[in-house]
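The first residue of the sequence shown is numbered 1, and numbering continues consecutively from there.
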Amino acid sequence: MFLEEISKMVEVTVAAWISHAPCLTPNSFHSISNGKSRNKTTKVVPTSTKAWKIRTAVAASSCSSSVFGSFNQTVGGQVLREGECLEKYKKEGKGKKRVFFLDVNPLCYAGNKPSLQSFGHWVSLFFSQVCLTDPVIAVFDGNNCNELRRRLLPSYKAHRRKFFPQSTISKKYVRGQVGRSQQLIMDVLRKCNVPVLKVEGNEADDVVATLVEQVLERGYHVVIASPDKDFKQLISENVQIVMPLVELKRWSFYTLKHYMAQYNCDPQSDLSLRCIMGDEVDGVPGIQHLVPGFGRRTALKLLKKHGSLENLLNAASVRTVGRQYAQEALTKYADYLRRNYEVLALRRDVDVHLQEEWLLERDTSNDANVLSNFFRLLEETNKSTRESRSNFSNG
């Protein structure tokens, strides 16, 4: 019965996973509301001592680039060769200890479908080739995580709602299957000595942004493991991103140098540009929907001169900053643009506090057994599913 349930988890549609984060048991993840430190992770003794080869490589077709495409396109040919990225990163970050943040949700997809196999592939490579024994903090989207931004902008990520298979599967059933799948992923992370955070009503991005500042205050170097383009606004000399590259089947670092070479502006200017031009993926409309003549070239020119959206709007309120159509747009739709900024900017005020034990060196002794058991479960599940379908077709 358990294998059948896992099999169903793998086949849940993508939007159901994104839009609903089911309530888990109290011990599933660290509780933020009570303010207590996370209990130290107990090492788990595998039920079987037989070695099992961890299959970290998966077919490219099973991990479609559509999930990570928005970020992969930004690398601009500056991806380091395999084996070189980690060494170069170590040299650039020399002298400071690293703390990794693992953005879990995007790793759980292959193309447009949730996939436990995808999670296993990327997390096994992450542990063995990227973070090693450095501390890792895993973050999930909380329940109702999009509601705050949707109150500001109803279209925010609204397109993800319409994928519910209303006619065939009830929302309650989907939430139950997704919840069990997420619980399995959390269990893997905890057994690998990774604290897991899920803050009610908050997106993982905002939780990470809040904790990044707290980690930096303690003198650490931060690395965010995620394909999410929103994290670019956090890039600095002490904050880097490491992203999964589907085509190369490995992780690659993306630094401030890469960012500057690609955009020729600071991260704050890029965020301001997104606020003006909008973000189709997140359902945030740009000003060109209201003023068709206000395009990317105009926005870039104005931001290059004024630095940020707020500086630009303040300047436009007291003097002429551009051509008449641009001037009128900036004064007439200032509130519209400030709302976009409030929606797209990552929040740093989530009620979450860094625990000192999260900064300890990670014990990796469980990794091989935990991941082997995880891949074994997936293989048994796939085998059981194939046999069930065969029996059904022959019945």
Side-chain angles (χ1 to χ4, degrees), residues 2-3 5-18 20-22 24 28-29 44 52-69 71-72 100-131 136-141 174 177-198 204 208 224-228 242-246 248-251 362 364 366-382 385:
F2 177 68
L3 293 179
E5 289 182 344
I6 295 295
S7 174
K8 293 173 183 176
M9 297 173 199
V10 180
E11 298 178 350
V12 177
T13 58
V14 60
W17 180 286
I18 292 176
H20 287 274
L24 302 176
S28 328
F29 49 87
V44 176
W52 190 268
K53 184 177 180 181
I54 300 176
R55 297 169 300 151
T56 57
V58 294
S61 61
S62 68
C63 292
S64 169
S65 60
S66 62
V67 178
F68 307 126
F71 208 148
N72 291 349
F100 284 85
F101 287 94
L102 183 64
D103 182 20
V104 181
N105 292 77
L107 304 180
C108 302
Y109 296 94
N112 63 347
K113 294 181 180 179
S115 169
L116 293 174
Q117 182 73 24
S118 176
F119 165 77
H121 167 70
W122 288 115
V123 81
S124 61
L125 290 178
F126 178 71
F127 286 157
S128 64
Q129 299 181 7
V130 181
C131 68
V136 179
I137 302 172
V139 185
F140 287 77
D141 287 332
V174 170
Q177 299 301 328
V178 171
R180 283 187 283 273
S181 182
Q182 190 176 86
Q183 178 66 68
L184 179 62
I185 292 171
M186 288 181 168
D187 288 343
V188 169
L189 292 170
R190 289 201 310 274
K191 291 174 184 177
C192 290
N193 297 305
V194 174
V196 176
L197 303 182
K198 181 178 177 183
V208 171
I224 302 170
S226 175
D228 193 337
V242 60
M243 69 187 78
L245 298 184
V246 175
L248 300 180
K249 299 179 184 178
R250 64 181 177 86
W251 293 84
R362 190 176 70 87
T364 63
N366 290 335
D367 290 5
N369 282 331
V370 171
L371 292 172
S372 291
N373 291 336
F374 178 74
F375 282 113
R376 191 205 315 272
L377 174 62
L378 295 187
E379 182 169 304
E380 292 174 351
T381 301
N382 291 334
T385 301

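- Using a 4.5 Å cut-off on side-chain heavy atoms (C-beta onward), Cys108 and Pro114 make no contact.
- Using a 4.5 Å cut-off on side-chain heavy atoms (C-beta onward), Arg362 and Phe100 make no contact.
- Distance alone, capped at 3.5 Å, is enough to place a donor-acceptor pair between the Asn105 side chain and the Asp141 backbone.
- Relative ring orientation between Trp122 and Trp251 is described as perpendicular, the plane-to-plane angle rising above 60° on a 0-90° scale split at 30° and 60°.
- For the residue pair Leu125 and Arg250, the shortest heavy atom distance occurs at CD1-CA, 4.3 Å.
- Proximity of Leu107 to Val123: side-chain heavy atoms (C-beta onward) are nowhere separated by under 4.5 Å.
- In this structure, CE in Met186 is found 11.5 Å from CG in Leu184, a value given to the nearest 0.5 Å.
- In terms of modelled atom types and a separation under 3.5 Å, the side chain of Asn366 and the main chain of Cys192 share no donor-acceptor contact.
- To the nearest 0.5 Å, atom CD1 of residue Ile185 and atom CG of residue Leu116 are 5.5 Å apart.
- For Ala138, the side-chain contact (heavy atoms from CB on, under 4.5 Å) partners two or more places apart in sequence, or in a different chain, are Leu102, Val104, Leu189, Val194, Val196.
- Between the CD atom of Gln182 and the CG atom of Asp187 there is a distance of 11.0 Å, given to the nearest 0.5 Å.
- For the pair Tyr109/Ser118, no side-chain contact is recorded, criterion being any heavy-atom separation below 4.5 Å from C-beta on.
- In plain terms, the two heavy atoms of Gly120 and Phe374 that are nearest each other are CA-CE2, 3.7 Å.
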